[in-house]
Amino acid sequence: QVQLVESGGGLVQPGGSLRLSCALSGRPYRVDDMGWYRQAPGKQRELVARITAGGREFYADVMEGRAAISRNNAKNTVDLQMSNLERDDTAVYYCNAKVTTTWGAPYTYHWGQGTQVTVSS
C-alpha cells in the first residue's frame, strides 16, 4: 500500500525559508511525477511545484524563483525548499505522487495527509 508522509511544516516569519519533505512508502512498481500542492482556507487546492522522474521541474507562477523542488528516486522522496515566504503562502501543503503499484496496473495519484505552513510575524 502506497503512503506519502510529509514533514517540515511550521511557523515562519515573512521573508523566511522552509523546507518540506515527503517520503513515499510501499515499494510500488513505478513512481512518475511527484509534486507539492497547497490549499489555503476557502481556496481550491493548487499546484506549487512538481518534478518528473527524469528530474524536469515545473513551478506555479506564484512560486517561480522562490521554490526549488528536488527528489531522490532511490529513496522515493521529494523535497520542496521555499524562500522569501509571504503571508499568502500560508496553507496546508500536500505531497502528491503518480504511482503504478504493480506491472500492468493503471497509474493512480496518491496524496499525503498535508502539513501546515503558516507565514506570520
Side-chain angles (χ1 to χ4, degrees):
Q1 184 177 0
V2 172
Q3 287 188 325
L4 294 169
V5 178
E6 302 105 333
S7 61
L11 175 65
V12 61
Q13 292 186 344
S17 299
L18 205 62
R19 187 177 186 88
L20 305 180
S21 296
C22 174
L24 182 151
S25 61
R27 302 183 67 181
Y29 170 73
R30 178 187 175 100
V31 180
D32 291 305
D33 290 13
M34 299 185 79
W36 289 91
Y37 289 71
R38 69 186 185 185
Q39 187 167 17
K43 295 187 178 181
Q44 290 188 333
R45 192 172 296 189
E46 62 179 5
L47 173 71
V48 177
R50 66 180 177 90
I51 183 169
T52 68
R56 190 175 178 186
E57 303 167 24
F58 300 87
Y59 297 94
D61 289 344
V62 69
M63 295 302 296
E64 192 71 50
R66 300 192 297 124
I69 190 169
S70 60
R71 67 186 285 174
N72 183 318
N73 290 338
K75 296 182 178 179
N76 282 331
T77 60
V78 60
D79 291 348
L80 181 69
Q81 177 71 44
M82 298 185 290
S83 60
N84 197 21
L85 286 163
E86 305 168 354
R87 287 181 172 83
D88 286 347
D89 294 319
T90 295
V92 178
Y93 284 69
Y94 297 91
C95 180
N96 173 269
K98 180 181 178 182
V99 173
T100 302
T101 53
T102 57
W103 183 86
Y107 64 80
T108 52
Y109 289 96
H110 296 260
W111 295 91
Q113 80 286 354
T115 185
Q116 177 70 45
V117 172
T118 302
V119 184
S120 176
S121 54

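Atom CD1 of I51 is separated from atom CZ of R56 by 11.5 Å, given to the nearest 0.5 angstrom. Interatomic distance, S25 OG to K75 NZ, rounded to the nearest 0.5 Å: 15.0 Å. Interatomic distance, CG of N76 versus SG of C22, reported as 9.5 Å (0.5 Å rounding). Interatomic distance, OG of S21 versus CG of N72, reported as 11.0 Å (0.5 Å rounding). Note that OG of S17 is 8.0 Å distant from CG of N84, once rounded to the nearest 0.5 Å.
Of the residues D61, D89, D88, the one that meets the salt bridge (charged side-chain N to carboxylate O under 4.0 Å, His left out) test with R66 is D89.
M82 and L20 make their closest contact through CE-CD1, 3.9 Å (heavy atoms, listed as atom of the first residue, atom of the second, distance). Smallest separation of non-hydrogen atoms from T90 and V119: OG1-N, 2.9 Å. Scanning all heavy atoms of the two residues, the minimum distance from A53 to N73 falls at O-ND2, 2.9 Å. In terms of heavy-atom proximity, A91 sits nearest to Q116 at O-NE2, 3.4 Å. Smallest separation of non-hydrogen atoms from A49 and L80: CB-CD1, 4.1 Å.
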Using the rule given for side chain to side chain contact (heavy atoms under 4.5 Å, CB included), can you reason through V99 versus L24, listing the C-alpha separation, both sets of side-chain angles and the distance that settles it, and then say yes or no? CA-CA 10 Å; V99 173; L24 182 151; 3.9 Å; yes
Pair R38-M63, side chain to side chain contact (heavy atoms under 4.5 Å, CB included): steps then yes or no: CA-CA 11 Å; R38 69 186 185 185; M63 295 302 296; 3.7 Å; yes
Would S121 and R87 count as a side-chain hydrogen bond (donor to acceptor under 3.5 Å, both in side chains) if you check the C-alpha gap in whole Å, the side-chain angles of each, and the deciding distance to 0.1 Å? CA-CA 9 Å; S121 54; R87 287 181 172 83; 2.9 Å; yes
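In the hydrophobic clustering of ILVMFWY residues, with side-chain heavy atoms under 4.5 Å counting as a link, L47 and L4 come out apart. In the hydrophobic clustering of this structure, V62 groups with L85; members are Ile, Leu, Val, Met, Phe, Trp, Tyr whose side-chain heavy atoms approach within less than 4.5 Å, directly or through other members. Residues Y93 and V12 fall within the same hydrophobic cluster, defined by Ile, Leu, Val, Met, Phe, Trp and Tyr side chains chained together at heavy-atom separations under 4.5 Å.
Applying the ring-ring contact (aromatic ring centres under 6.0 Å, His included) test to residues at least two apart or on different chains, the pairs with a partner in residues 36-77 are Y37-W111.
Checked by atom type and distance alone, the side chain of E57 never pairs as donor or acceptor with a backbone atom of S70 at under 3.5 Å.
Put simply, the side chain of V78 reaches to within 4.5 Å of the side chain of C95, judged on heavy atoms. Side-chain contact between Y94 and R45 is present, with at least one heavy-atom pair separated by less than 4.5 Å. Counting heavy atoms from C-beta on, the side chains of R71 and V31 come closer than 4.5 Å. Contact of the L11 side chain with the S120 side chain is registered, since non-hydrogen atoms from C-beta on lie closer than 4.5 Å.
Counting heavy-atom neighbours within 6.0 Å of E64 CD, excluding the residue itself, gives a total above 12. Crowding of R19 atom CZ: a count of heavy atoms from other residues, nucleotides or ligands under 6.0 Å exceeding 12.
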